[in-house]
Structure formats: C-alpha cells, structure tokens
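Just so it is clear: chains get the letters A, B, ... in the order the sequence lines come, proteins before strands, and each one is counted from 1.
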There are 2 protein chains.
Amino acid sequence: MKPTAFPRQDARTLSDDGDEFSFCSTCAFSQACMAEGMDKRSLMDLHVLVEHIGPFHAGDHIFRVGDPFEAIAAVRAGTVKTYVIDRDGREHVLGFYLPGEVIGLDAIDGETYPCNAVALDTVMLCRFSFPKIAVLATRLPGLQKHLFRLLSRDIGRAALLAGDWSADQRMAAFLVGLSRRLAARGFSPNRFQLTMARTDIANYLRLAPETVSRVLRRFQKDGLLDVDRRELELIERDKLEDLAEPVLRA
Amino acid sequence: MKPTAFPRQDARTLSDDGDEFSFCSTCAFSQACMAEGMDKRSLMDLHVLVEHIGPFHAGDHIFRVGDPFEAIAAVRAGTVKTYVIDRDGREHVLGFYLPGEVIGLDAIDGETYPCNAVALDTVMLCRFSFPKIAVLATRLPGLQKHLFRLLSRDIGRAALLAGDWSADQRMAAFLVGLSRRLAARGFSPNRFQLTMARTDIANYLRLAPETVSRVLRRFQKDGLLDVDRRELELIERDKLEDLAEPVLRA
DNA sequence: CGCGTTCTTGACTCACCTCAAACACAGTGG
DNA sequence: CCACTGTGTTTGAGGTGAGTCAAGAACGCG
C-alpha cells in the first residue's frame, strides 16, 4: 500500500498557532499574494486552507513520481530537491527549492506528480490543497496572477541547463542564482550553506562531480569565494556575476 | 519608419479562392481544429479571419524582434527559421518551422515578437489575427484546446537542446525529428531537403558547423543516410531512431 | 576504533572546438 | 565564355575542456 503524499496526519491546525495573520509570515506565499494586490480579507480565505506540515528530515520524501496530485506546497524552512529516474536508472536532478519557493507546480496539468521531491535537510512546508486553491483563484485575481507568475518563473529557470556554457559559467550562475534567491527571502546573500551534495549540484548542472569540486577549488584559489565543506562565502561577487551573466540573462 | 510585420497588403482575400472550405486545406491549422472536435460551422468562423500571405523569398523577414504582436501564422509552404541576436552580436537559432506548423506563438504573453522569423526558401503563410482568434477561442473549445496544445508542444521541443547529448545523438534527433514532422504533413519521411544551411543546423544544435559536416559524412560512410549537398535520404532509419531515442523521449 | 559516505586530487583520454586551408557552386561582370 | 568573388561546405591538424578512472583524504557515525 502506497503511502499518501503530503501526509495530513501530522499537520498542525490553524488554532495551534494563535494569531491567524502572523503564523504564516515565514511561508512567504501569502506575502507575495499581498504584493499582488490581495486584501486582508482574501488573505484570510487563503489561510484557512493552509496546513503546516513537517518536519521532514534529510532523505525523507515529500512526494514521489506517480503520487496523486492533491497539493502544492511552499517551503518554509530547509531545502527540497526534485528529481526523476530515467529508464536507464540514472537520476536527473530537476531543481532545488529554497524557503519561500513552491513545489508541486509542475504537477498541475496532470493528476499525479511527475517527479520526486526529497528533503535535503530539515524541511517545513505550508501545504495548499490544489483543488481548493484553484477554486479560490477564480475569485481572487491576485492569487491567480501569482500562480501564473510562479509557473512561468519555473519554466524560465530551465534556461540555466540549456545552452553550451562552460563549467565555470554554470557554477557561477548556480551560486549567484542561489545567492539572489536567498537574499530575496532575507537571508545573507554572501554567506550561506550548500545544503545539497556535490553530486547533486553536478547532476543538476550536467557536470561531473569532480568538475564541480575542481571549479570550486579554482574559484577559491582565485579569491572569488571561500568554501569549506558545505559552508560558502562569496568574496568577489562582481566577478561571479560577470561570469554568470550570459547564462542568467538567457 | 518601421515596416509593419506581416504586411496585409499582399494578402489574398477569401473570395479569390472560390470554395471557402477547401481553399485552406494545405494550411493544416483548420484540419487540426476539426480533429479537436470543431464542427463545420465553427470552421467557417475560423476561415473568415484567415489571410493568405506571401510569397516570402529566402532571406525575407516575416517579423523581427520588437515588432508589435498582431498575428500568429501557419506555414503553408517553405521553411521558416526563428532566431535572436544576443547582446554580443551572436546569432542563436531557436527553431525551424515546416509546413503545417505555427509561428508567433512565443509572442502571446507579450505585446511584441521576442524573436526574428526569416524565410529559408519560398514561404507561404496563413495569417491569423491573434486578437480575433483569441476571442473566437473563448467560443470554440476545440480551437482553444488546439492553441494550448501547440504552445506546450513548442515548449517541449526545447528539450532537444538541453541535456548533454553527443553530436551524433543531436544530429540523429534533429534528422528524425524533421522526418517525423514532414511525414505528419504528408511529405516523404525518408527523402527530403535540408532547407537550412549547415551553419544554422550547427547553431541550433549548439555544435560547430564543421562538426555537423563531419557527423553527416560519417553517417553516410556508415550507410545510415545519403546526403548530397542539401538533398537527404535516410537509409537505416532504425539506427538513427536508436541514436535519437534518448534525446527525443526526454 | 573501523567503516561508509562524501569530497578531493591527479593522470589520462576523448569528443568536440578552433584554426587554417582547400573546395564547390552561384552570381556577377568583363 | 571565362575569370572573379563571396558564401557555404568540406577536410585536416592541433588544442583543450571536461569526463573517466583510480586513489587518497576528510569527516560522520555506529
């Protein structure tokens, strides 16, 4: 018997959190909807269908290929990796999701998830039942606009993989991209953790793990950054941005 | 003064063609809509907003980056190449459009075309005013469905470029892809013309022109195909399909 | 401590790119 | 009719970026 995706049994209910309007401040989904012009009343409609779930621990699966699609989820804390296994048994990393970002969007046009999602560290989520949020979106243009924007942003991010960029350019674009996304959520843009393994980065960037290792080392030797195990500090951000520029603007 | 994209002055009007229901049989757009369950009456609505334009000759531009988006167009005859020029002045070929395929779809979410479209040989088009067809689509689910399908198909085709496939795999996938698309329009699947230059193929596949040349030559030496200048015949179709398989199923 | 996993490092290999030159063909003009 | 020119294509020689293979190092964990 296959376990249900996004188990609801460990969901904390709204009442556990006290104040209905601050409890999801780290979830960022509703914040963005506010920015799209949603009012407080609509926000409350949104909040009643949110479930906080987690924690998931490193290696825990959030959903798997073929699980029935019932919900999308905003990452509140931690990092989620999505991937597929091709028919030759090789893993392909599709993306990493940081706090504030939404997983499950690529399942919208099907009835099951097209990929696996796994926690890379301790992950907390805000679960949104998709049928419910879709109905709500028909009433709330701000919500609909936000959903569309999330979708198109996800599609655009694939451009990082296309193109015949060098290993240096890919790596720089990856780091700058992470940095910007973290900064957008209020984290330090220049000092952060690589929560994913080198092999995952390599797989995502379509490089060999050894190449990732070497490029990071060379970047360090050249004073562009400082890396110690998974701890990372960007030193010469400008130079990294320059390297990444042709990739990120594609 | 910038010339208007899709000049309407050389459009032939409906009445020039005699029978309203057969005149656009080569355009294939309406055929596909029929297949999506559209009835004859609806098809007539569609036909009254079609304009036949052309001929465009090799090198003629159909639209350019920044031209106001007014219409999509189905290729009736010939081949269209779309491309952009990056800010370093380098050309990037985005795609080739064969008879029966639709150009301009990527402009839908903006108000101008995001790329250039140029005729590679003598091109005839069916022009559809987009505002008009969009309104019509709200009444005709078959049309809307077809438009959505065209869009998602276009997005999916980008997968050929992503992935770190070998030159052989890319080339095979390109040829098999062309062959299938031509076959779908009733052309011979195994004997056709490469209407685009080697440099365009190379650019599209992100290979050096010399590599394209060499791979074709080797395929010929190995008996997979026969190529003479731009004339092409696929001999061992199966082997090419095998080579292309991992690329095309991605 | 031993053990497994992740990461690093070095040596080697290879596919593809780059550079350079020859070639084929179309169009042009003498 | 034939050079002349330009563009597109082919071919060869050489270089190189990144993959592969293999071994070692650093840490986390039982």
For residues 190-197 of chain B, tabulate all N or O donor-acceptor pairs below 3.5 Å that involve a side-chain atom, not counting sequence neighbours.
{"from": "N190(B)", "atom 1": "OD1", "to": "R237(B)", "atom 2": "NH1", "distance (Å)": "3.3"}
{"from": "R191(B)", "atom 1": "NH1", "to": "E233(B)", "atom 2": "OE1", "distance (Å)": "2.6"}
{"from": "T195(B)", "atom 1": "OG1", "to": "T79(B)", "atom 2": "OG1", "distance (Å)": "2.8"}

Rounded interatomic separation in angstrom, taking CD from E231(A) and P from dC27(D): 14 Å
Donor on one side chain, acceptor on other, H92(B) and D86(B), under 3.5 Å: yes
Contact boundaries on DNA chain C for chain B, cut-off under 4.0 Å to non-hydrogen atoms: dC16(C) to dA20(C)
For atom CG of D200(B) and atom P of dT7(D), their distance in whole Å: 15 Å
Aromatic plane relationship, F69(B) with Y113(B) - under 30° parallel, 30 to 60° tilted, over 60° perpendicular: perpendicular
Touch class at under 4.0 angstrom, heavy-atom based, for R230(A) against every strand present: sugar-phosphate
Length of the CG-P vector between D228(B) and dT9(D), whole Å: 12 Å
Residues which pass side-chain contact (heavy atoms from CB on, under 4.5 Å) with D222(A), listed by chain and number, not counting sequence neighbours: R218(A), L224(A)
Qualifying residues under side chain to side chain donor-acceptor pair (under 3.5 Å), relative to T112(B), sequence neighbours excluded: none
Residues in side chain to side chain donor-acceptor pair (under 3.5 Å) contact with E91(B), at least two apart in sequence or another chain: K81(B)
R180(A) with E241(A): basic N within carboxylate O range, under 4.0 Å: yes
Distance, nearest 0.5 Å, that separates CG of L232(B) from CG of L178(B): 8.5 Å
Under 4.0 Å protein heavy-atom contacts per nucleotide of nucleotides 11-20 of chain D, with B for base, S for backbone only and - for none: BBB----SSB
Upstream residue (5' side of DNA chain C) when R229(B) and V215(B) are each assigned their closest nucleotide: V215(B)
